[in-house]
Each structure stands twice: as structure tokens, then as C-alpha cells.
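Position 1 is the first residue of the sequence, and the numbers go up from there.
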Amino acid sequence: SLGQVAVASLEPEHIVTAGGGALITAPRKRDGQRLNRWAKEVRKEVVLPDFNSALATTQLKELGSYLERRRELGEAFLRALLHGRHRTLTRDEEHDHVWYSFPVLLEGGVKETISYARKNGVEATRAFEGTVLDRAVSEADGDAGVMDPRSTPNAYALFLRCVLFPLYPSLRKSDADTITRVLRTLP
């Protein structure tokens with residue numbers, strides 16, 4: 001709704017995926033025609049292969065049902081999490097929550113939680129893996145040129161306590177039930 005073009009990442013972990021790449025769209029027909037002309041002039045390896053394009057196109061056509069399935073799973077996971085001492089990030093009542101993944105703010109250790117989840121067949125990951133803060137923490141061993149992670153105390157607290165649980169619209173019922181059970185019983 002803003003701008004002349006929109007760019008959406010289609011990486012594997014995103015809401016709509018083509019296994020990588022990006023989607024460029026334009027709301028106005030004239031701008032869309034320009035994009036089409038440009039697409040015919042770029043190198044062939046820049047354009048998504050047909051299979052990847054078909055995957056993204058199918059997901060875009062089913063986006064409403066995908067988002068609804070994510071909402072259902074997110075709400076089920078939230079109910080399971082309420083049985084324990086851990087919490088998740090929430091939004092206020094005025095705004096819709098986009099269930100991208102399921103973040104859990106831990107009262108205990110990240111490593112212990114990830115190990116527990118994996119032992120029970122759930123692939124949980126550190127929420128901010130690969131970020132600038134992650135790099136600062138891993139390189140902070142006495143290097144004065146690296147940002148001190150404690151200089152951003154709120155971000156650092158989230159970094160230390162937040163784990164992501166999978167939330168995909170294609171999760172089988174048995175997988176969703178396993179994640180729900182793990183969330184309910186987190187150490």
C-alpha cells in the first residue's frame with residue numbers, strides 16, 4: 001500500500017517462501033509493466049526458477065488459509081505455554097498478531113530448553129542467531145573494537161532469554177501436538 005514497488009523476501013524461514021530469492025511487485029499497472037520489461041533484460045540466473053516461482057505463487061494464492069493456520073497454531077501454542085512459567089512476546093488488542101514463529105521468553109537457560117525440545121523431537125533455535133548482537137557476543141572476548149553487548153541491555157536480555165519454536169502452516173497434527181506438549185512441559 002506504500003511506495004511504487006514492494007520487495008518481499010522469499011527465504012525458507014519466511015511466511016511465504018520459494019526457498020530463497022525475492023518477489024518484487026507494483027500496485028499500479030504502469031509500474032508493473034516496467035518491472036516486467038526490466039525482468040526480461042536481467043541475467044537469467046537472477047530470475048527465480050519455475051519451480052521456486054510456482055511454490056511462491058501457490059503460497060500467495062493460499063495466503064489467507066496459511067495465515068489462518070498459523071493463527072490457530074499460535075493460539076494453541078500460547079495456551080500450552082500458559083501452563084508453565086515461561087511467556088511469549090505479545091501485541092496489544094488493537095493490532096493483529098502475525099504468527100511468524102513462536103518466540104518463548106525463558107525463565108531458565110536457553111541451552112537447556114533447546115536440548116529438552118530437541119530430545120522431544122522439536123527443532124527450537126535461539127531467536128537472535130546470526131544477528132549483529134550474536135556476533136558482538138561471540139567476538140567480545142577482549143576485543144575493544146567490538147560493540148559491548150551490555151550497551152543495549154534490553155536487546156541483550158531478549159538475546160539471552162528468547163527461543164523460537166516452529167510454527168509452519170504445513171505442520172502435521174502430530175507435530176503440532178508434540179510442540180504443544182513440549183511447550184506445556186518446558187523446564
| query | Can you tell me if R69 uses its side chain to pair, donor with acceptor, with the backbone of L171 under 3.5 Å? | reply |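 Yes.
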
| message | Whether the side chain of S101 engages the backbone of L167 through a donor-acceptor N/O pair (distance < 3.5 Å, no angle test) should be reported. | response |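 No; zero donor-acceptor contacts below 3.5 Å.
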
Please determine whether residues [X] and [Y] belong to a single hydrophobic cluster, defined as Ile, Leu, Val, Met, Phe, Trp and Tyr linked transitively by side-chain heavy-atom distances below 4.5 Å.
X	Y	result
L164	L106	no
F165	I114	yes
L133	L158	yes
V47	V7	yes

| Between atom CZ of R37 and atom CD of E41, what is the distance when rounded to the nearest 0.5 Å? | 8.5 Å

| More than 12 foreign heavy atoms under 6.0 Å from CZ of R172: is that the case here? |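 Not more than 12 within 6.0 Å, no.
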
| message | Minimum heavy-atom separation for R70 and H14, please, with both atom names. | response |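 Closest pair (atom of R70, atom of H14, distance): NH2-O, 4.0 Å.
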
| Distance-minimising heavy-atom pair for L55 and A18 |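 Residues L55 and A18, closest heavy atoms: CD2-CA, 3.9 Å.
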
Name the atoms and distances for all side-chain donor-acceptor pairs under 3.5 Å in residues 25-33, with sequence neighbours left out.
| unit_1 | atom_1 | unit_2 | atom_2 | d |
| --- | --- | --- | --- | --- |
| R28 | NH2 | D31 | OD2 | 3.3 |

Could you check if a side-chain atom of [X] sits within less than 4.5 angstrom of a side-chain atom of [Y], using non-hydrogen atoms only?
X	Y	result
V122	T178	yes
D134	F159	yes
V5	L35	yes
T125	V163	no
Q59	T17	yes
L48	L23	no
F77	L82	no
F102	L78	yes

Pairs under 3.5 angstrom only: tabulate donor-acceptor contacts from the side chains of residues 180-187 to other protein residues two or more places apart or in another chain.
| unit_1 | atom_1 | unit_2 | atom_2 | d |
| --- | --- | --- | --- | --- |
| T180 | OG1 | A176 | O | 2.8 |
| T185 | OG1 | Y116 | OH | 2.5 |
| T185 | OG1 | R181 | O | 2.9 |
| T185 | OG1 | V182 | O | 3.4 |

| said: Can you pull out every salt bridge (charged side-chain N to carboxylate O under 4.0 Å, His left out) where at least one residue sits in residues 16-25? Sequence neighbours excluded, please. | reply: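 Output for this query is empty, none listed.
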
